[in-house]
Protein chains: 2
Amino acid sequence: MKLSRQFPLNALHVFEAAARLKSFTRAGEEMGMTQTAVTYQIKLLEEHLGEPLFFRRPRQVTLTPAGERLAPKIAEGFSVIAEAIGGMKDQSESTLVIHTTATFATRWLAHHLGTFQLENPGIAVRLETSQDMVDFTRAEADVAIRSGKGEWPGLKSHFLMKSHFTPMLSPALAATIGGVTEPADILKLRIIDAGDPWWPMWFAAAGMPDIDLKARPISRYGAQAFEAAAAVAGQGVAILKPEFYTDELALGRLIQPFDLLASDGSDYWFVYPQARRNTRKIRAFREFMRKSMPTFRD
Amino acid sequence: MKLSRQFPLNALHVFEAAARLKSFTRAGEEMGMTQTAVTYQIKLLEEHLGEPLFFRRPRQVTLTPAGERLAPKIAEGFSVIAEAIGGMKDQSESTLVIHTTATFATRWLAHHLGTFQLENPGIAVRLETSQDMVDFTRAEADVAIRSGKGEWPGLKSHFLMKSHFTPMLSPALAATIGGVTEPADILKLRIIDAGDPWWPMWFAAAGMPDIDLKARPISRYGAQAFEAAAAVAGQGVAILKPEFYTDELALGRLIQPFDLLASDGSDYWFVYPQARRNTRKIRAFREFMRKSMPTFRD
DNA sequence: CGCATGGATCAATTCTACTGATCCATGCGA
DNA sequence: TCGCATGGATCAGTAGAATTGATCCATGCG
């Protein structure tokens with residue numbers, strides 16, 4: 001047995017209520033519609049079944065034998081469906097999947113996520129890191145934190161912070177050349193990942209637009225976090241986002257020789273599908289981000 | 001857990017098909033709609049749940065974990081509902097409730113119903129008799145056979161036969177006055193149910209409009225069939241519908257002294273609710289009536 | 001490389017579902 | 001017994017949901 005496409009399921013739903021309450025008016029109230037609408041839906045259903053489901057008596061309706069037989073099974077069917085949907089909602093509320101870059105994950109989320117989990121014990125967090133912008137229509141992701149222009153169709157994005165950068169190195173390395181006091185000093189040292197596009201941008205901002213690092217040996221680390229680790233180890237100068245390394249600066253493991261910050265025009269954004277903005281877990285995470293990130297914008 | 005009124009049940013139904021077939025296009029075919037419509041419905045459902053159910057991959061869709069969890073339960077729910085409806089249809093197809101008068105039941109249906117039952121072994125027949133026209137909205141009735149004008153709102157009616165009548169009596173009673181050869185002879189005999197409104201109509205048709213039987217003792221039999229039985233027993237003259245008594249005439253238990261038939265303007269009709277015209281049992285009974293009643297009209 | 005496949009998008013259209021007003025029959029209380 | 005309250009039916013009018021057809025797009029496959 002298979003229900004045809006045309007089958008008036010909504011009418012069936014109305015019938016379930018009417019049969020239970022033995023009243024079109026009260027069924028209408030429960031379903032948030034008028035008595036007229038209930039009358040219409042029930043008639044529609046009867047038409048489809050070719051069989052009356054209620055006897056119309058003045059001031060009351062009573063189920064026909066057919067309706068009597070049908071009602072409990074329909075109620076059961078809807079309850080199965082309602083349970084399934086309820087269950088799914090519970091489940092899906094319970095795990096938040098965050099997509100972001102390895103760098104943001106290690107340098108910021110790792111420090112703050114503990115707070116979110118304390119405040120939301122019911123929500124498990126899964127962190128997925130990759131270099132590319134996640135496609136919400138293809139991957140299992142609830143929210144993402146990415147750099148970009150903040151304009152993605154179908155997605156709601158909140159500005160988090162500027163994505164600016166500046167050279168950083170270990171104090172020991174700086175000492176080997178008697179300290180780094182002007183941009184040109186950098187060129188005396190090994191550049192970690194000389195192929196990083198941030199370098200020419202920063203030198204241009206520093207008034208040296210013609211610096212070409214291409215000649216230098218290029219080793220790609222692939223992620224800022226790894227470059228930073230190499231810099232801490234004194235292996236060279238890295239170009240980093242200082243907000244991510246406040247602790248290394250405080251500990252004196254890295255120094256930031258210049259105040260000058262350059263930017264490639266893209267910023268950090270917190271994004272999620274517009275349509276899911278009101279799910280509990282996304283709402284909770286948004287509030288957490290709002291609190292934890294001083295430069296958060298709606 | 002209760003489904004809200006706004007819940008898109010039809011979308012859920014579409015989802016069931018799409019999840020099973022893993023294709024919007026094929027789901028559309030199965031449901032008799034276009035792929036576009038499926039896309040719309042699925043999106044609607046996802047919007048409602050605040051959660052994607054399919055990953056959109058080029059050339060195919062696959063269920064998200066949430067969709068994966070949901071699909072089987074939804075399928076089960078719909079199957080419960082479909083079973084219920086299927087079961088009800090079977091049941092309801094299996095009993096035909098006929099409302100009619102005692103007379104029509106005994107004098108015509110009793111003789112023909114056997115044929116119907118032989119031809120439709122799956123359909124049980126229940127016969128309900130009463131004097132009043134059945135109200136299909138209040139009583140458990142599938143079809144009715146009644147006299148009237150053939151115009152009832154919401155009901156389909158088929159003409160069955162004229163409701164004309166003529167005096168009938170037993171040959172023995174006729175012999176007591178040397179035979180009944182002209183209308184006035186009737187008055188020499190006892191009139192069964194002299195209050196029957198058919199008498200003055202018949203006398204009027206016979207050119208004797210002023211006959212008043214009111215003075216005679218009136219005993220109401222309430223149903224033609226009982227009057228006929230009294231007539232067979234020689235208790236008097238009854239005014240009857242000859243079509244109902246062809247066998248009594250053939251057996252010589254009753255005679256019809258005059259060809260003259262009078263009518264009160266109402267005829268016999270076969271009626272049922274317009275909306276149920278295509279249910280199997282009603283269709284079957286209609287065909288039976290068409291065959292069995294030479295004057296049947298659509 | 002070019003085509004076939006399956007889904008997304010968009011604008012236009014159809015038609016369902018619903019409402020508000022009104023009517024009707026009846027049960028109930030005064 | 002009358003009048004009113006209650007609950008459903010009917011009807012016309014309407015907002016907006018559902019659907020379609022045309023078109024676009026990405027990709028897997030020969």
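Letters go in sequence order (proteins before strands), and every chain restarts at 1.
- Proximity of B:T36 to the phosphate of C:dT9: no side-chain N or O atom is located under 4.0 Å from OP1 or OP2.
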Using the side-chain contact (heavy atoms from CB on, under 4.5 Å) rule, take B:F285 and B:I123 through it: C-alpha gap first, then chi angles, then the decisive distance, then the call.
CA-CA 10 Å; B:F285 192 70; B:I123 302 181; over 6 Å; no
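- Screening residues 27-54 of chain B for salt bridge (Lys or Arg N to Asp or Glu O under 4.0 Å), with sequence neighbours left out, gives A:K2-B:E30, B:R20-B:E30, B:E46-B:R56.
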Set out, in order, the CA-CA distance, both residues' side-chain angles and the distance that settles side-chain contact (heavy atoms from CB on, under 4.5 Å) for B:H48 and A:I85, then state yes or no.
CA-CA 11 Å; B:H48 253 266; A:I85 286 166; over 6 Å; no
Stepwise side-chain contact (heavy atoms from CB on, under 4.5 Å) test for B:M31 and B:H13:
CA-CA 9 Å; B:M31 306 286 286; B:H13 198 200; 3.6 Å; yes
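- In this entry the distance linking CD of B:Q60 with P of C:dT5 reads 16 Å, nearest Å.
- Using a 4.0 Å heavy-atom cutoff across all strands shown, B:V38 reaches no nucleic acid atom at all.
- Under the side chain to side chain donor-acceptor pair (under 3.5 Å) criterion, B:H158 pairs with B:Y272, not counting sequence neighbours.
- Comparing the axis of the opening five pairs of the helix from C:dC1-D:dG30 to C:dA30-D:dT1 with that of the closing five pairs yields an angle of 30°, rounded to 10°.
- In this structure B:W198 satisfies the side chain to side chain donor-acceptor pair (under 3.5 Å) test together with B:D264, sequence neighbours excluded.
- As judged by a 4.0 angstrom heavy-atom cut-off over every strand, B:R56 is placed among residues touching the sugar-phosphate backbone only.
- Closest non-hydrogen pair, B:F15 versus B:I42, comes out as CA-CD1, 3.7 Å.
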One pair to check against side-chain contact (heavy atoms from CB on, under 4.5 Å): B:F136 and B:H99. What are the steps and the verdict?
CA-CA 10 Å; B:F136 285 97; B:H99 275 239; over 6 Å; no
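- Side chains of A:T39 and A:Q35: a donor on one and an acceptor on the other come within 3.5 Å.
- Taking atom CG on B:L9 and atom P on D:dA18, their separation rounds to 11 Å, with Å as the unit.
- A:L21 has its CG atom 14 Å from the C1' atom of D:dG7, to the nearest Å.
- The distance from atom CZ of A:F15 to atom C1' of C:dA17 is 20 Å, rounded to the nearest whole Å.
- At C:dC18, none of the side-chain N or O atoms of A:Y40 fall inside 4.0 Å of OP1 or OP2 (strictly under the cut-off).
- Within a 6.0 Å sphere centred on CZ of B:R290, other residues, nucleotides and ligands contribute more than 12 heavy atoms.
- With hydrogens and angles ignored, the 3.5 Å screen pairs a side-chain donor or acceptor of A:R146 with a backbone N or O of A:T100.
- Between A:N10 and A:R59, the residue whose closest nucleotide on DNA chain C is further toward the 5' end is A:N10.
- Near DNA chain C, defined here as any heavy-atom distance below 4.0 Å, the residues from residues 41-52 of chain B are B:K43, listed numerically.
- Map B:P8 and A:K22 each onto its nearest nucleotide of DNA chain D; the residue landing nearer the 5' end is A:K22.
- Contacts between residues 24-35 of chain B and DNA chain C, defined by a heavy-atom separation below 4.0 Å, involve B:F24, B:T25, B:Q35, listed by number.
- Residue A:P58 has its side chain nearest to C:dT26 when only C:dT26, C:dT9, D:dT27 are considered.
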